[in-house]
Structures are given as C-alpha cells and as structure tokens.
Amino acid sequence: FPYRTLSRAELAKMAVLGSKSVNILSPVTYNTATFCDVRNSDWSFQYIETLVAHNVVSGINSNCSQGKIYLPNNPISRAEALKILLGSFNIAAQGTSTRFYDVDSNFWYSGYIAKATEMGLVNGYSDGSFRPNGLISRAEMSKILSKLLQITTGQTPSPAPTPTVTATPQNPQQLSYNIGSPSVRDYWIATN
C-alpha cells in the first residue's frame, strides 16, 4: 500500500534502518520505555528508542507516568517526517524556506524544509505549496529516503527513462523505454 499514510512508528523504522545502512545510527537495545504509549513488546520499540538515544525525537509532554508520549500509530506530517529523517542522518536544519508560500520562516520546520529542498530531497507542489502539516505517504517517504541514501553514499541517481519508438509489423508505433542501469534497494516495513 504505497499511497497509504505513513505512521510515526513506520517512519522510525525507515529512518533507523536507512541511517544504519550507511553506518550513521547504531540501533540500541533498551528494556525500559521512554514513552507511555510505546511498550517494550511493541514491534517499533527499538526503532523509537534508537531515535531517542540519538536525540532525534523527544516526545510530547503528557500526564502519564513517564511524562511523554510518542503517538506511534498516528500518521506523521510532512514536516515532522523531514525533521526525524534528517535528524537520523545527522543533518541539521539550515536556513529558512522562502520557496513555498505556506512555509513561514518563523515556524520550527522551516529550516528542515529549507535543507531538504537544498539537498534536492523535496520539491513541493506545482501550486507553490509544501503542505507541511499534510500527511506523507509511504511512497513519498520511500522516494525521499532513496534520494538521501544516494546522496550519503555518493551514488548518482539512475537516468530518467527516455522513450524510443520501435516499429513492429503488429504495432507500427510501440514505445519502449531505456531505463539505464538503475540501482535498486528494497525497504520493507512490517508490523511484526
């Protein structure tokens, strides 16, 4: 389901495994939960605790016993996703975003959006918006993570497919595409 919204727990797993694959974050093993709503028996526990240990996330204040919650099953916004992903790759927010009409330079996420835009990770929408509070899909995050991994490993992106017309007796104008030699990685998110 690539166009389903991404949950905060799923993003934690993507961020940790992505940064671990290029030797940036080291997963941690804890038994004590930092957040009231993430139990140590949850599939996402170690990923979320890894983000806590590396100061990528700190949670949301709450009246629960630990004092904070993470909201692992809630969908994550586009701005929150960029903050966590960039943080897991040790990339600091930098500058302010002036490219998008809906990103005020005074908002906490402006620097993250500016840095992601500068790096070529995000483009925004054709109407000039970024929609920072909009929800991000699994497909969008996979694309951003793939670009980030290409940048951090120094790989160049595969060329865009170029159409060529091939004629056959059965189909006088059949289109085929030369996709070059793409570098492919699979990232699977499972809840178990």
Side-chain angles (χ1 to χ4, degrees), residues 2 5-35 38 40 42-60 68-97 103 107-124 130 132 135-158 181-192:
T5 56
L6 187 69
S7 75
R8 295 171 57 83
E10 290 168 334
L11 177 67
K13 183 174 183 178
M14 290 177 83
V16 169
L17 292 181
S19 63
K20 177 187 171 208
S21 74
V22 289
N23 300 315
I24 296 175
L25 281 188
S26 301
V28 298
T29 306
Y30 290 134
N31 291 323
T32 306
T34 301
F35 303 115
V38 182
N40 61 3
D42 291 344
W43 68 266
S44 60
F45 176 77
Q46 294 301 332
Y47 302 112
I48 294 169
E49 289 299 329
T50 296
L51 294 178
V52 172
H54 292 281
N55 298 314
V56 176
V57 298
S58 58
I60 301 163
K68 295 201 177 222
I69 55 175
Y70 181 76
L71 304 173
N73 299 317
N74 282 18
I76 192 160
S77 75
R78 295 166 53 81
E80 292 168 332
L82 283 180
K83 177 194 180 294
I84 292 172
L85 188 64
L86 292 178
S88 69
F89 278 75
N90 294 327
I91 299 170
Q94 188 175 14
T96 56
S97 180
V103 178
F107 289 168
W108 66 266
Y109 49 71
S110 180
Y112 296 101
I113 294 171
K115 185 64 178 176
T117 304
E118 174 194 317
M119 294 176 70
L121 301 176
V122 295
N123 296 319
F130 184 77
L135 302 179
I136 193 163
S137 73
R138 299 170 91 183
E140 290 171 314
M141 184 46 63
S142 294
K143 179 182 175 186
I144 294 168
L145 181 56
S146 176
K147 285 181 175 184
L148 186 54
L149 288 169
Q150 287 174 342
I151 291 167
T152 57
T153 60
Q155 294 178 353
T156 55
S158 300
S181 303
S183 172
V184 179
R185 289 185 177 164
D186 287 329
Y187 289 96
W188 295 91
I189 301 172
T191 57
N192 55 9

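Predicted, not measured: the structure shown is a model, and the values here were computed from it.
Counting all heavy atoms, side chain and backbone alike, Gly18 lies closest to Leu145 at CA-CD1, 4.3 Å. For the residue pair Leu121 and Ile144, the shortest heavy atom distance occurs at O-CG1, 3.6 Å. Among all heavy-atom pairs drawn from Ser21 and Leu149, the shortest one is OG-CD2, 3.6 Å. In terms of heavy atoms, Arg8 sits closest to Ile76 at CG-CB, 3.8 Å. Minimum interatomic distance between Ile84 and Val56 (heavy atoms only, all atoms of both residues): O-CG1, 3.5 Å.
For the pair Leu82/Phe130, a side-chain contact is recorded, criterion being any heavy-atom separation below 4.5 Å from C-beta on. Counting only heavy atoms from C-beta outward, the side chains of Ile48 and Thr34 never approach each other to under 4.5 Å. Contact of the Leu148 side chain with the Ile91 side chain is registered, since non-hydrogen atoms from C-beta on lie closer than 4.5 Å. Taking 4.5 Å as the limit, every side-chain heavy atom of Ile136 sits out of range of all side-chain heavy atoms of Leu11. Using a 4.5 Å heavy-atom threshold, the side chains of Tyr70 and Val52 count as separate. Taking 4.5 Å as the limit, every side-chain heavy atom of Tyr109 sits out of range of all side-chain heavy atoms of Arg78.
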Could you walk me through whether Arg138 and Met141 pass side-chain contact (heavy atoms from CB on, under 4.5 Å), step by step?
CA-CA 5 Å; Arg138 299 170 91 183; Met141 184 46 63; 6.0 Å; no
Report the C-alpha distance between Ile151 and Phe89 in whole Å, list the side-chain angles of each, state the deciding distance to 0.1 Å, and finish with yes or no for side-chain contact (heavy atoms from CB on, under 4.5 Å).
CA-CA 11 Å; Ile151 291 167; Phe89 278 75; over 6 Å; no
Run the salt bridge (Lys or Arg N to Asp or Glu O under 4.0 Å) check on Lys143 and Glu140 step by step: do they pass?
CA-CA 5 Å; Lys143 179 182 175 186; Glu140 290 171 314; over 6 Å; no
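Every residue two or more places apart in sequence or in another chain that forms a side-chain hydrogen bond (donor to acceptor under 3.5 Å, both in side chains) with Ser77 is listed here: Glu80. For the ring-ring contact (aromatic ring centres under 6.0 Å, His included) test, no residue two or more places apart in sequence or in another chain qualifies with Tyr47.
Looking at Glu10 and Lys13, no side-chain N of the basic residue comes within less than 4.0 Å of a carboxylate O on the acidic one, giving no salt bridge.
Atom NZ of Lys20 sits in a sparse spot, with 12 or fewer heavy atoms from other residues, nucleotides or ligands closer than 6.0 Å.
To the nearest 0.5 Å, atom NZ of residue Lys147 and atom CE of residue Met119 are 11.0 Å apart.
Side chain of Ser88 to main chain of Leu85: a donor-acceptor pair is present (N/O by atom type, distance under 3.5 Å, no hydrogens or angles). For the pair Thr117 (side chain) and Ile113 (backbone), a donor-acceptor distance under 3.5 Å is present.
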Can you give me every donor-acceptor pair (side chain of residues 23-31, partner residue at least two apart or in another chain, under 3.5 Å) with its distance?
none

